[in-house]
Student: 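Input: one structure, supplied below.
Letters A, B, ... mirror the listed sequences (proteins, then strands); counts begin at 1. Computed from heavy atoms alone, side chains included, the values below leave out hydrogens, waters and symmetry copies. The shown structure was predicted, so the numbers you read here are calculated from the model rather than taken from an experiment.
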Amino acid sequence: MPVMQEKYQPEEIELAAQAHWKKTGAARAIEDLSKPKYYCLSMFPYPSGKLHMGHVRNYTIGDVLARFHKMQGFNVMQPMGWDAFGMPAENAAIQNNVPPAQWTYSNIEYMKGQLNRLGFAIDWERELATCKPDYYRWEQWLFTRLYEKGLIYKRYGTVNWDPVDQTVLANEQVIDGRGWRSGALIEKREIPMYYMKITAYAEELLADLDQLGGWPEQVRLMQKNWIGKSYGCEISFPYDAASIGAEGQLKVFTTRPDTLMGATYVAVAAEHPLATQAAANNAALGEFIEECKRGGVAEADMATMEKKGMPTGLHVVHPLNGEKLPVWVANYVLMGYGEGAVMAVPAHDERDFAFATKYELPIRMSIASKTGAYTDVVAPWQEAYAEYGVCTNSGKYDGLDFQAAFDAIAADLEAKGLGAKRTQFRLRDWGISRQRYWGCPIPIIHCESCGDVPVPDDQLPVVLPENVTVTGAGSPLAKMPEFYECSCPKCGQPARRETDTMDTFVESSWYFLRYCCPDNDQAMVDERVAYWCKGGIDQYIGGIEHAILHLLYSRFWTKLMRDVGLFGDVKLDEPFANLLTQGMVVAPTFYRDLDGGKKQWINPADVELQCDERGRPVAATLKSDGLPVVIGGTEKMSKSKNNGVDPQALIDQYGADTARLFIMFASPPDQSLEWSDAGVEGAYRFLKRVWRLVHEHVTAGCVTAYAGGELSAELKTFRRQLHQTIGKVADDFGRRKQFNTAIAAVMELLNAYAKLSETSEVARTVRQEALEAVVLMLFPIVPHVSEAAFAELRPGQTAGNQPFPQVDASALVQDEIELMLQVNGKLRGSLLVPASADKAAIEAAALASETVQKHLEGKAPKKLVVVPGRLVNIVV
RNA sequence: GCCGAGGUGGCGGAAUCGGUAGACGCAGCGGAUUCAAAAUCCGCCGUUGAAAAACGUGAGGGUUCGAGUCCCUCUCUCGGCACCA
């Protein structure tokens, strides 16, 4: 047997361990009904080029949980793949003239190498890339099924249009209302798009949140608010024939029908038919409508922009009191939301109040405060105005509270055929059409006589051509006759293939199911899903930024696949049983302003910071030219802001184990983490210390771990700490999923180990027991060094195949415990009592203690609080 | 603007159910070892104070024998807002 290396040499032992795992297929997952399964899923990466620290954090958490559960006897699957379609590939193509496919595949190859260098126990036989036809063909296949079921439909939707590049832009590509490449002012444009009817599942998506007990409460809450179920009324305002010149009704939805008698105007979106009609002979209004159509479509911009409006000169009739109400066009009313029109009650809605004040529209109080918070509605706005109260100035409804008024008004509206109660969702249908090249083609053929025809199964997949030139202007597929020219599957006449591709969220909505059976070329999923996904995927790990969209879409797709019958008899309503939302790894951003409002983002690694005396950055310069750069915000690491930190330098210098240990030790996983490599040395030092202590121990000769027998007080205390630590680490890994504290506990244990003075034979067996436990407890986090160290402690055995250390309950027994002594809640000392002492005995001992006597100053205590095992508080 | 989360020493963080605030680590300081250095080991390390003690968990208020933890108001930072992924 070769002698253990004295020096810790990470690269050598890591490459050896990785080669060994590869040879033995240690990470391969095979369906095995004899063991409980543990499907450990991390969000797959977009292959942007290199890993960044956010990836290292995400995948290390996954690997720790996967390896820990394997040691706990589970049959573990940890797959990995590539979210390979998306915009950055097109941007790279424009910049560097590389086809998106080639760029993507070479990124995948490089990043896969990085993942392997980090030693993750990934079953690569299940690897998938969403840009490959054998993956996306099934997405197309399901699309055609959903289309036939009416769950996908076509309608107009609003997009950001760049009039110079003649292309649709993502919200991210619109900066201050201008296109990021052209600098042109962006306009809203209505184009036909395919939508998935997620609203048809709103009720179930909301209700099933209750069964997601393994999800963070904050994520469930965000999803609940996003779905946004509200109860209200739809109300129709009949057209005033005199001003509009036609019969008709303007429909609105409101959650506050009780305030209806306070409505003083209605507002419609710029795209609303009434607005269009009024603008026909009103140039100023037409101009205003054009102004409303400028700018992007992002909700955040809509919500923060200045609220503007203009009267149309048209009127509608109040459905209950018959008053004529003016119709205004307002930039804050969106055509895509609800009815594209709202009723305005300035007295009891903050936004309407501001608008009415600005344009001197009447404000009519129709709700009286229940608490007397106000008696009249006057400027400035008070929050109490919007509270539920009692109807006033509302004729027959006066005196009714919210619910009574709601019911009465709804009943009256219904009797007149001008309204009804309705449940409304904030959730909107999911627009999945993208006018982009690098995505999954939408499997539809447009035929002049047959209309939109889904591509038949035997013609799937519709393969995306990979050799294209991307220019950034227009959609490349729409310029490729060899792609779009085809014949109608129904009538055989010449037809045109759809050239839009799907939103990349579609691919990421079901990849976790395909991991179970990536090799099946006959079906989207098969019975292996039943094995791995039974009861849900056991652990999903990914960034908190996906709390709403990705996680909601994935839940939705799982339900769609279920309802298409893809799971057979297996009940799978929710894909993810347990969710760990990782906090963002954030880093400062730096940029320089370029012409046309564009920004050049500079990587933090290329920047030199100047700090003030308190260490706060005040200025920054580019290392290469020494000239200043602007300090931006601290944001999540991303390709677009160029603030990602490549872990490669860290791995090269210290090895994978140090990188893994450091990022796990830096903070708890759900907390956001501002990146800094200060402290990496400490992680490295700790691993060297582990190595050295094992080396010292094994060079003195092998022994078997302690199995019983009399121990000195020192060893007894140490063993108690050892087994307390085992309990804590198992709890941290299994229940708490907090790794920094587990590492800290092992560090403390090792500090205690180093202080042990005894050298007897029994002391050596306790040391053996402790080192074995330390190495196995660390194994999930730093598998390479643990593997190597364990092979020295127990020659011929593999750490990865060991069970996790077990707590010896007898080692935890304690004769005496220390209680804190408080007087009036202030810590004054401590008290040693027998572990068996009852409350009365503790009280007596506390009162008798010198410290307490001193603070009592002869007075009798008013109250005694005894918290067993913790403290005694004496109130004087 | 709306929804969600967070703010604790010079820094990352700990305190798991309302019960010793600052575990563990980084940085710093002092010492041992060394011809010297690196590496390693030992000790100190919230603020004020000579000490006793007082103060101290973003700010202000409240509940409690006791609050970093619960409640209210404010403030700053981060994530999301439907075409970044």
Student: Give me the ring orientation class for A:F662 and A:W675: parallel if the planes are under 30° apart, tilted from 30 to 60°, perpendicular past 60°.
Tutor: perpendicular
Student: Under 3.5 Å, is there a donor-acceptor pair between the side chain of A:R155 and the main chain of A:Y195?
Tutor: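 No.
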Student: Could you give the CD1-to-P distance, from A:I544 to B:C78, as a whole number of Å?
Tutor: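 Going from A:I544 (CD1) to B:C78 (P), I get 16 Å.
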Student: Rounded off to whole Å, could you give me the NE2-to-P distance for the A:H855 and B:A52 pair?
Tutor: 13 Å
Student: Can you tell me if the side-chain N/O atoms of A:N171 get under 4.0 Å from OP1 or OP2 in B:A82?
Tutor: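 Answer is yes, contact under 4.0 Å.
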Student: Just checking A:L221: base, sugar-phosphate only, or nothing, at a heavy-atom cut-off of under 4.0 Å?
Tutor: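 A:L221: backbone/sugar contact only, no base atoms under 4.0 Å.
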Student: Report the secondary structure of RNA chain B in dot-bracket form, marking unpaired bases with a dot and bases paired to a different strand with |, and treating Watson-Crick or G-U pairs with both distances under 3.5 Å as paired.
Tutor: (((((((..(((......[....))).(((((.......))))).(((....)))..(((((..]....))))))))))))....
Student: For a 4.5 angstrom cut-off between non-hydrogen side-chain atoms, does A:Y8 reach A:R689?
Tutor: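 A side-chain contact is absent here, since even the closest heavy-atom pair is not under 4.5 Å.
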Student: Separation of A:E545 atom CD from B:G6 atom P, in whole Å?
Tutor: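 Spelled out: CD on A:E545 to P on B:G6 is 17 Å.
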Student: Taking only residues at least two apart or on different chains, which pairs with a member in residues 666-678 of chain A satisfy salt bridge (charged side-chain N to carboxylate O under 4.0 Å, His left out)?
Tutor: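 Residue pairs passing salt bridge (charged side-chain N to carboxylate O under 4.0 Å, His left out), neighbours aside: none found.
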Student: Is there a side-chain contact between A:Q223 and A:L212 in this structure, where contact means two heavy atoms from C-beta onward sitting under 4.5 Å apart?
Tutor: no
Student: Does A:L427 reach a base, just sugar-phosphate, or nothing at all? Heavy atoms under 4.0 Å.
Tutor: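 The answer is base, as A:L427 lies within the cut-off (heavy atoms under 4.0 Å) of a base atom.
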Student: Going by heavy atoms in the side chains, are A:L819 and A:L871 under 4.5 Å from each other?
Tutor: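 They are not in side-chain contact.
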Student: When all nucleic acid strands are considered with a 4.0 Å heavy-atom cut-off, which category describes A:H546: base, sugar-phosphate, or nothing?
Tutor: base
Student: Checking understanding here: a glycosidic angle within 90° of 0 is syn, the rest anti, so what is B:C17?
Tutor: syn
Student: Check the distance between B:C84's P and A:N91's CG and give it to me in whole angstrom.
Tutor: 12 Å
Student: Please tell me which of A:E818 and A:Q435 maps to the more 5' nucleotide of RNA chain B, matching each residue to the nucleotide holding its nearest heavy atom.
Tutor: A:E818
Student: Testing A:L579, A:T581, A:I61 one by one against A:I541 for a side chain to side chain contact (heavy atoms under 4.5 Å, CB included), which residue passes?
Tutor: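 Only match with A:I541 under side chain to side chain contact (heavy atoms under 4.5 Å, CB included): A:I61.
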Student: Identify whether any heavy atom of A:F505 sits under 4.0 Å from a base atom; if not, whether one sits that close to sugar-phosphate; answer base, sugar-phosphate or nothing.
Tutor: base
Student: Consider the side chain of A:F665, meaning its heavy atoms from C-beta on, and name the nucleotide among B:G4, B:G13, B:G25 that approaches it most closely.
Tutor: B:G25
Student: For nucleotides 36-49 of chain B, just jot down a letter per nucleotide in 5' to 3' order: B, S or -, based on protein non-hydrogen atoms under 4.0 Å.
Tutor: ---SSS-S------
Student: Among B:C65, B:G1, B:C84, which nucleotide has an atom closest to any side-chain atom of A:V865?
Tutor: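 The listed nucleotide nearest to A:V865's side chain is B:C65.
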Student: Where do A:F686 and A:F665 land on the ring pair (Phe, Tyr, Trp, His ring centres under 6.0 Å) test, with the steps shown first?
Tutor: CA-CA 11 Å; A:F686 174 67; A:F665 186 56; 8.2 Å; no
Student: How long is the line joining CG of A:D83 and P of B:C84, in whole Å?
Tutor: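 Nearest whole value for this atom pair: 13 Å.
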Student: What is the distance, to the nearest angstrom, from the CD atom on A:E635 to the P atom on B:A85?
Tutor: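 The answer, rounded to whole Å, is 17 Å.
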Student: Describe the nucleic acid contact of A:T504 in one word from base, sugar-phosphate, nothing, applying a heavy-atom distance below 4.0 Å.
Tutor: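 Sugar-phosphate only.
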Student: Any idea which of B:U20, B:A85, B:G4 is nearest the A:N225 side chain?
Tutor: B:G4
Student: For a quick check of understanding: with a heavy-atom distance under 4.0 Å over all strands, which category does A:V168 fall into, base, sugar-phosphate or nothing?
Tutor: base
Student: Does A:Q582 reach the side chain of A:S42, with side-chain heavy atoms less than 4.5 Å apart?
Tutor: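 In short, these two side chains do not touch, never coming nearer than 4.5 Å.
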Student: B:A15 phosphate, OP1 or OP2: any side-chain N/O from A:Q738 under 4.0 angstrom?
Tutor: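 True: A:Q738 side-chain N/O within range (under 4.0 Å) of B:A15 OP1/OP2.
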Student: Nearest to the side chain of A:E299, which nucleotide is it out of B:A15, B:C24, B:A82?
Tutor: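 When the side chain of A:E299 is considered, B:A82 is the closest of B:A15, B:C24, B:A82.
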Student: Could you tell me how far apart A:M747 (CE) and B:G25 (P) are, to the nearest whole angstrom?
Tutor: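 My rounded result for the distance is 6 Å.
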Student: Just N and O in the side chain of A:S676: are any of them under 4.0 Å from OP1 or OP2 of B:G12?
Tutor: no
Student: Over all strands shown, is A:M820 touching base, sugar-phosphate only, or nothing at heavy-atom distances under 4.0 angstrom?
Tutor: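 Result for A:M820 = base.
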Student: Base, sugar-phosphate, or nothing: which does A:V159 touch, judged by heavy atoms less than 4.0 Å apart?
Tutor: base
Student: Choose from B:C84, B:U20, B:G80 the nucleotide whose nearest atom is closest to any side-chain atom of A:R870.
Tutor: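 Closest of the options to the side chain of A:R870: B:U20.
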Student: Base, sugar-phosphate, or nothing for A:S667, non-hydrogen atoms under 4.0 angstrom?
Tutor: sugar-phosphate
Student: Output yes when a side-chain donor or acceptor of A:T658 lies under 3.5 Å from a complementary backbone atom of A:A683, and no otherwise.
Tutor: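 Here the side-chain-to-backbone pair does not exist.
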Student: For a quick test of reading the model: is some side-chain N or O of A:K826 closer than 4.0 Å to OP1 or OP2 of B:C65?
Tutor: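 No.
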Student: Please report the distance separating the P of B:C17 from the corresponding atom of B:G10, rounded so that it comes out in whole Å.
Tutor: 28 Å
Student: Given B:G1, B:A82, B:G79, which nucleotide is nearest the side-chain atoms of A:L549?
Tutor: B:A82
Student: Within the 4.0 Å heavy-atom criterion, would you say A:K728 contacts the bases, only the backbone, or no part of the nucleic acid?
Tutor: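 The residue A:K728 makes base contact.
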Student: I want to verify the glycosidic state of B:G58; is it syn or anti under the 90° rule?
Tutor: anti
Student: Considering every strand and a 4.0 Å limit on heavy-atom distances, what is the contact class for A:G431: base, sugar-phosphate, or nothing?
Tutor: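 Sugar-phosphate contact only.
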Student: Does a side-chain N or O of A:Q822 approach OP1 or OP2 of B:C65 to a distance below 4.0 Å, or not?
Tutor: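 No.
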Student: Report which part of the nucleic acid A:S830 touches: base, sugar-phosphate, or nothing (heavy-atom distance under 4.0 Å, all strands).
Tutor: nothing
Student: Looking at every strand, decide which applies to A:P668 at a 4.0 Å heavy-atom threshold: base, sugar-phosphate, or nothing.
Tutor: sugar-phosphate
Student: May I ask you to say whether A:E850 pairs ionically with A:K854, meaning some side-chain N is under 4.0 Å from a carboxylate O?
Tutor: no
Student: A:Y511 vs A:W82, test: ring pair (Phe, Tyr, Trp, His ring centres under 6.0 Å). Steps then yes/no.
Tutor: CA-CA 9 Å; A:Y511 73 103; A:W82 308 96; over 10 Å; no
Student: Heavy atoms from C-beta onward define the side chain here; which of B:C81, B:C65, B:C24 lies closest to that of A:K863?
Tutor: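 Of B:C81, B:C65, B:C24, B:C65 is nearest to the side chain of A:K863.
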Student: Would you mind classifying the nucleic acid contact of A:M502 as base, sugar-phosphate or nothing, using non-hydrogen atoms under 4.0 angstrom?
Tutor: nothing
Student: Just how far, in rounded Å, is P of B:G6 from CG of A:L673?
Tutor: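 Value for this atom pair: 16 Å.
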Student: Consider the side chain of A:R735, meaning its heavy atoms from C-beta on, and name the nucleotide among B:U16, B:C24, B:G80 that approaches it most closely.
Tutor: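 Shortest atom-to-atom distance from the side chain points to B:U16.
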Student: Taking the minimum atom-to-atom distance to the side chain of A:A300, which one of B:C78, B:A82, B:G1 wins?
Tutor: B:G1
Student: Both A:K636 and A:N824 contact RNA chain B. Taking the nearest nucleotide for each, which residue is further toward the 5' end?
Tutor: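 Comparing both residues, the 5'-ward one is A:N824.
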Student: Would you tell me if any nitrogen or oxygen in the side chain of A:R828 comes within less than 4.0 Å of OP1 or OP2 on B:A53?
Tutor: no
Student: Check A:E507 with A:R434, please: is the shortest side-chain N to carboxylate O separation under 4.0 Å?
Tutor: no
Student: Could you please spell out the steps behind the side-chain hydrogen bond (donor to acceptor under 3.5 Å, both in side chains) verdict for A:D162 and A:T167?
Tutor: CA-CA 5 Å; A:D162 185 323; A:T167 192; over 6 Å; no
Student: Starting the side chain at C-beta, find the nucleotide from B:C84, B:A14, B:A85 nearest to A:N740.
Tutor: B:A14
